[in-house]
Each structure stands twice: as C-alpha cells, then as structure tokens.
Amino acid sequence: MAFSLPPLPYDVSALAGSGMQQETLELHHGKHHQAYVTALNGLVESKGLAGKSLEQIVAEAGKAGADGLPVLNQAGQHYNHLLFWQVMKPNGGGDSLPAKIGAKINEDFGGLAQFKEAFKQAGVTQFGSGWAWLIVDASGKLKVTKTPNGANPISTGEGTPILGADVWEHAYYLDFRNVRPGYLDNFLAKLVNWEKVEELLLNGGLKSGQTA
Ligand code: MN3
C-alpha cells in the first residue's frame, strides 16, 4: 500500500463563508498536503516503513528524536492534516457544543471561554510553524498543547489529539495575512466541527486507516 490524499470532507469552496477561502484550501490541501504524502511515500523503502500504520510511524519517529525527524516531518504532517480537515466544517465553531464534549471541556478547563483562550494562546505563542492542540492525556484529562513543525501529541507522547489548528503561515496568510490571532479567533468562532471533536473524544482519536 501507499499513503494517499483523501478528498476533503466538504467542497473546496464550502468554508469560504466561514473565513477560509477556496484558494487557501486548494493550495493547502491540493499542494501542501499532497507534497507531504508524496514525500512520505518516497521514504517508505529507504526508512523501512513498509507495513506500518501512519500512527505507528509517527510515534516511532518521535521517539527516535533527531534521527526520526526526516520521517516525522512528512508522516506527522500527513496525520496532522488528515485530522485538520476533519475537525472543520462550514458554519462551525460557536458556543453551543454537543453535550459530552461540552461537559468535558467545562470539567477540565472550567468553561468554554477558558478553553478557547488557552487554545488561542497555544497557537499564538507557537514560535514559527506548528500546531495548537486539544488532546486527551494518559489520565483521560483534556489539555491544550502545541508542537513545532510536523510534530504532534502522538510523536511527543503527550496524548491523543482530538482538535488541531495549523499555525503554519500557509494555513492563514491568504485569509488573514500576518494576523495569526485573527485566524485562530475565526477558527474557534466559525470553523470547528465540534460534533467531530466529540466523536474523536469518544472513539480515542482519529484512526487514519493509512498504511505504508
Ligand atoms: Mn498545513
């Protein structure tokens, strides 16, 4: 098998009314994400990845530290973007969450506003390229975290990501220019697919189904 780029779970123009224009998605999904998939497939033979799942590759590359970086950069980014497309939807975001994820956020952060502030701050303070995350840690508690470049909470061993915001400049430059905080505010206000985040909470995270 080889890794592949699944179609977006919505039309490429579907998020335009929610602050992510068609050109952003065309480039981000069709060019950037495709490039990670192509590069990862190019590493399968030389890095001995054949038969391993994407999640296993990400975890092992993270444990390997500097030696694992060439694989982590591509495999992490493939996983990160698979999750990212899933956790957005047209007219998402807002303050009315499905019951189970809403209650869990209240329990672990003290309220939705506190969660949003922590998530936004994680994205704003990630210096350079990277990701802001909502994860389930080993004790079952929700936490906000951030990672640089292609890393993620699986590669760092921090937990299971159930929501991620891409803070690489390619994710927001056409829509928000240099204003990363505005992109993150919009992501939380208009894009997050909370039904999917709840599903990932209940199902133990995204199962990519992708194998080298
Ligand atoms: Mn990206």
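Atoms within a ligand are numbered from 1 in the order they appear, just like the ligands themselves. Hydrogens, waters and symmetry mates are skipped; everything else that's a heavy atom, side chains included, is used.
In this structure, the side chains of Phe115 and Leu163 come closer than 4.5 Å at one or more pairs of heavy atoms. Between Glu60 and Lys52, some side-chain heavy-atom pair lies under the 4.5 Å cut-off.
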Practice item. Starting from the C-alpha separation in whole Å, work towards a yes-or-no answer on salt bridge (Lys or Arg N to Asp or Glu O under 4.0 Å) for Lys31 and Glu26. Key: CA-CA 7 Å; Lys31 302 294 183 187; Glu26 283 172 351; over 6 Å; no
Point to revise | salt bridge (Lys or Arg N to Asp or Glu O under 4.0 Å) between Lys190 and Asp185, worked out | key: CA-CA 8 Å; Lys190 296 184 179 174; Asp185 280 336; over 6 Å; no
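The distance from the Mn ion (ligand 1) to the nearest N/O/S atom of His170 is under 2.8 Å. For residue His32, no N/O/S atom approaches the Mn ion (ligand 1) to within less than 2.8 Å.
Sorting the N, O or S atoms of Asp166 by how far they are from the Mn ion (ligand 1) puts OD2 first. Taking the Mn ion (ligand 1) as reference, the nearest N/O/S atom within His81 carries the name NE2.
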